J.: 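My questions all concern the structure below.
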Amino acid sequence: MTTSSVQDLLSSLNPQQREAVQHIEGPLLILAGPGSGKTRVITYRIAYLVREVGVNPRRIMAMTFTNKAAKEMRERLDRLLGPRAAELSLGTFHSQCAAILRRDGTHVGLERNFHIYDDEDQITVVKKSLLDMDMDSGKFPPRAILSAISRAKSLVQDAEQFASSVDTYYEEIVARVYRRYESILTSAQAVDFDDLLMKTHQLLMGFPEVAERYQGRYLHLLVDEFQDTNVAQYAIARHIAKQHRNIAVVGDPDQSIYSWRNADLRNILSFQHDHPEAQLVTLGENYRSTKTILEGARNVIAANQQRLEKELFTERHQGEKIVIAEAYNPEEEALYVLQEVERLRKTADFTFNDVAVMYRVNSQSRAFEETCLRFGVPYRLVGGVRFYQRREVKDVITYLRVINNPYDEISLARIVNVPARGIGQRSLEDLTFWARQRNLSLWEAMQAVVKGRTEGGEAPPLASRPAGATAGITGLITDLIEQGQRVDIVTLLDNLLERIKYKQHLVSDPDRGEERWDNVMELRGVALQYKDWDPGEGLFAFLENVALVADVDRMDEAEREALTLITLHQAKGLEYPVVFMTGMEEGVLPHMRSMDDPGEMEEERRLTYVGMTRAKDRLYMVRAFRRGFGGASMPSGPSRFLADIPEHIISKPMGVRQVVTPARQPSFWPGARTVTPAADGKPSVQPFKVGEKVKHNKFGEGVVINCIATNDDYEVTVAFRTDAGIKRLLASFAPLERVREE
DNA sequence: CTTTCGGGATTTTTT
DNA sequence: ATCCCGAAAG
């Protein structure tokens, strides 16, 4: 569609959007409400710069927050600009910084092939640091330490700077771990996510000749989701834009939901302070949601104290009321949602693809998954236990990392004994100790073991069994490194799996073995994209992709008709005709952990706002009366945010929960029908099995979908085929009969 | 020495 | 319910 004229593009925009697109010289701050055509403005602006102003696309940089946003922008720009779109520097902060560091990182001590450590690796490094320094990881939880280090890095404080600014004992500890942590990363030639930013910042600040190259090159800089940038990111952007001062940032303070990842809302507030000449454009017209949904969302967000008020309006119709529904527990909540989805499909012409079920925490997805499986409803789970972090996937990736660079000690240590081959903790410690004494790496120590066995000479002190095993794995890695130079990534991967007998290893676990192997095969599917690359290059590119790509980005790969299960955080930037916000309870949304901090509470409110504004036509907000935290389930009250939605736009369906249990009387009352507990204390009533077909003399045939023991009875949940729908019944009272399956 | 088994603590959100 | 760590068995 490169054919559409620039005039056509402009005429399709409203005046504010046009103003944002056509502002050329100098800083620009775009405050963009939800559904206000933000992506459109960014992409048209880039197209306008290239096609009308004549800016070389090589001289434009656009930073996004997620790969998904980058990809979407790339696709739209392909259509607007054709092949020239490929010349734009467009990507996430992290991936663009990685690219800069691959190119110029030697100045800050990075080889070209540094590894990027993920969260799990980071924890491993912190634990190792604590261990090295004889500190108790019970007293200093690695997670907490890591988050302190991460916060420092987001503020571009390196270990030395941090150490010189400590003022509590705890920070002193963090400072010591931070130093050690850095030295482990350095010797492994690895960086963490925060380093990608911090080291880029150091590079730009410390090496003017490098910085000038980037500053001179980029005439225009765009930053998307500016409200979610941290100090390091903003500093990098400002620095790159320093020479030409054409920095355009787009954001919405009301949608800032990443402060826990050190995003600093103040960036968006200080932008105008840092750039007094900045032009401000507010995009207030919402093209996404009905009037009702927008009004609900506006009322929720209005209660926040710290915010820049902006006018929001829509020309869309009034639409349906917001449905606030109540269920008994998470299982019933899921049943209600699926029932309602079914109804919408039948009566309102929505498809599964139109529906998203949103929740605050990943663990909430389980009830929905199970219920979907039970009823055969296709679903797409975004995130969850993230794919690349599943143990089996991570193991294979770690092997590949070692093949790429065996001096990566954290990775090497992770896989020497996977699958278990007789190199335990003790052997690994001895090996590491021996290596450190001689100033060698773990990999060199392992090679010495091999050498010691074949030609004698000095070798680490290992018992014969571990020594043999070590020689084995060392030989294996050596072979694979050598192969890695000659064969493509997929062949390499296949050989690796074959030689470590990984399939047998996984499948020996009867529980989820098959599933795990499927995951490995899915990873192989990703590797297939790199099959045609040059041997070493393909491996490298594959690892880079895996390190920087999150699961949300894989979402649209599944094309089949399915409803979406997604966290509120991941849903940002997306939209769906029908949205179910679930777990609308105190303790869940707002989350328990934000209860005692007003700032965090405001963030919970913004999260609610983000969720509500994802909906185009129908919005449901559902809660459960009881919710369990692992073991026991507890009563839970309605989320305070529900109270901020005006009554006149709410619909509360009656009979969400059609409980048919007869009025229950305590069994010790005279006249009450009692069920005598059996000798072992278990109820004497026979339980029904899930999936069993039953018949009720009033409701007809149905399927048991749940059966839980109560004090002296069983509570059976049955999905009836008839209009009765889903009922909860007491096994001892209900006229329920099993139906024999032929 | 390694592995496995069991008990204990712990559960936000992700580039 | 799941993960992590420590103790006993092979």
Side-chain angles (χ1 to χ4, degrees), chain A residues 63-70 91-98 116-120 122-124 127 136-138 141-143 147 150 153-154 191-197 225 228-230 232-233 256-263 330 358-367 370 382-389 391 417 419-430 462-469 511-512 546-553 566-572 583 587-595 600 603-604 606-608 610-611 627-633:
Chain A
M63 306 281 213
T64 66
F65 215 60
T66 62
N67 291 292
K68 182 161 175 37
T92 62
F93 264 100
H94 289 87
S95 67
Q96 302 215 62
C97 287
I116 300 168
Y117 276 8
D118 66 15
D119 190 67
E120 198 191 336
Q122 294 182 54
I123 288 289
T124 311
K127 283 185 185 159
D136 181 4
S137 59
R143 270 242 107 72
S147 105
S150 172
K153 289 189 176 185
S154 307
V191 300
D192 61 24
F193 278 116
D194 299 308
D195 282 335
L196 291 174
L197 306 174
E225 304 284 11
D228 286 326
T229 53
N230 63 29
Q233 287 166 323
S256 163
I257 53 174
Y258 283 104
S259 71
W260 50 274
R261 221 173 64 191
N262 305 311
M358 302 183 183
Y359 36 83
R360 175 67 233 263
V361 295
N362 275 308
S363 60
Q364 285 174 261
S365 71
R366 256 200 54 204
E370 282 173 4
V382 184
V385 181
R386 288 192 287 292
F387 180 72
Y388 290 116
Q389 279 170 224
R391 203 188 57 215
N417 203 30
R421 50 172 72 87
I423 308 169
Q425 200 188 333
R426 185 62 206 269
S427 300
L428 194 58
E429 260 172 44
D430 289 348
L462 294 182
S464 85
R465 229 175 68 144
D511 276 354
R512 291 211 300 258
V546 162
L548 291 172
V549 169
D551 279 10
V552 220
D553 312 321
I566 192 169
T567 65
L568 289 164
H569 281 87
Q570 292 178 114
K572 194 176 71 160
V588 178
L589 183 64
H591 194 269
M592 200 110 66
R593 302 236 168 162
S594 24
M595 291 292 187
E600 286 179 38
E603 184 146 315
E604 297 293 303
R606 292 194 291 268
L607 196 52
T608 309
V610 166
R627 188 171 300 270
F629 305 95
S633 91

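Just so we're on the same page: letters track the sequence lines, and every chain starts at 1. Please read all numbers here as calculations on a predicted model, not as lab measurements.
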J.: Not counting sequence neighbours, which residues clear ring pair (Phe, Tyr, Trp, His ring centres under 6.0 Å) with A:F65? List them please.
T.: A:Y258
J.: Mind checking what makes side chain to side chain contact (heavy atoms under 4.5 Å, CB included) contact with A:R391, not counting sequence neighbours?
T.: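 If we apply the side chain to side chain contact (heavy atoms under 4.5 Å, CB included) test to A:R391, skipping adjacent residues, the hits are A:D395, A:R414, A:R516.
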J.: Sequence neighbours excluded, which residues qualify as side chain to side chain contact (heavy atoms under 4.5 Å, CB included) partners of A:T567?
T.: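 Residues passing side chain to side chain contact (heavy atoms under 4.5 Å, CB included) with A:T567: A:Y359, A:N362, A:H569, A:Q570.
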J.: Go through the structure and list residues passing side chain to side chain contact (heavy atoms under 4.5 Å, CB included) with A:R593, not counting sequence neighbours.
T.: A:H591
J.: Which of the following nucleotides, B:dT14, B:dT2, B:dT15, is nearest to the side chain of A:R426?
T.: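 Nearest listed nucleotide: B:dT2.
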J.: With sugar-phosphate meaning primed atoms plus P, OP1 and OP2, does A:F65 contact a base, only sugar-phosphate, or nothing at under 4.0 Å between heavy atoms?
T.: sugar-phosphate
J.: Considering every strand and a 4.0 Å limit on heavy-atom distances, what is the contact class for A:A420: base, sugar-phosphate, or nothing?
T.: sugar-phosphate
J.: At under 4.0 Å, does any side-chain N or O of A:Q570 touch on OP1 or OP2 of B:dT13?
T.: no
J.: Expressed in angstrom and rounded to an integer, what is the separation of A:L607 atom CG from B:dT13 atom P?
T.: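 Result: 11 Å.
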J.: So, OP1 or OP2 of B:dT11: does either fall under 4.0 Å of a side-chain N or O from A:N362?
T.: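 Looking at the OP1 and OP2 atoms of B:dT11, neither is under 4.0 Å from any side-chain N or O of A:N362.
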J.: Just to be sure I understand the rule, does A:T567 reach a base, reach only the sugar-phosphate, or reach nothing, if contact means heavy atoms closer than 4.0 Å?
T.: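 Sugar-phosphate contact only - A:T567 comes under 4.0 Å of backbone atoms but never of a base.
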J.: Using a heavy-atom cut-off of 4.0 Å across all strands, would you classify A:R261 as base, sugar-phosphate, or nothing?
T.: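 Base: the residue A:R261, judged by heavy atoms under 4.0 Å, touches a nucleobase.
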J.: Under 4.0 Å between any heavy atoms, over every strand shown, what does A:D430 touch: base, sugar-phosphate, or nothing? Just pick one.
T.: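 Here A:D430 touches the backbone only, sparing every base.
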J.: Go through the structure and list residues passing side chain to side chain contact (heavy atoms under 4.5 Å, CB included) with A:A467, not counting sequence neighbours.
T.: A:V449, A:R453, A:L462
J.: Are OP1 or OP2 of C:dC5 and a side-chain N or O of A:K127 less than 4.0 angstrom apart?
T.: yes
J.: Can A:W260 be called stacked on B:dT13 when the rule is centres closer than 5.5 Å and an angle between planes below 30°?
T.: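 Stack criterion met.
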J.: What contact category does A:R143 fall into here, base, sugar-phosphate, or nothing, at under 4.0 angstrom with non-hydrogen atoms?
T.: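 If one applies the 4.0 Å heavy-atom cut-off, A:R143 turns out to touch nothing in the nucleic acid.
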J.: Can you tell if the side chain of A:I257 reaches within under 4.5 Å of the side chain of A:V610, non-hydrogen atoms only?
T.: yes
J.: Looking for any heavy atom pair under 4.0 Å, which part of the strands does A:D118 touch: base, sugar-phosphate only, or nothing?
T.: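 The residue A:D118 makes no contact with any strand.
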J.: Are A:N262 and B:dT15 close enough that a side-chain N or O sits under 4.0 Å from OP1 or OP2?
T.: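 It does not, given that no N or O in the side chain of A:N262 lies less than 4.0 Å from OP1 or OP2 of B:dT15.
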J.: Enumerate the protein-to-nucleotides 7-10 of chain C contacts in which both atoms are nitrogen or oxygen and the separation is below 3.5 Å.
T.:
none

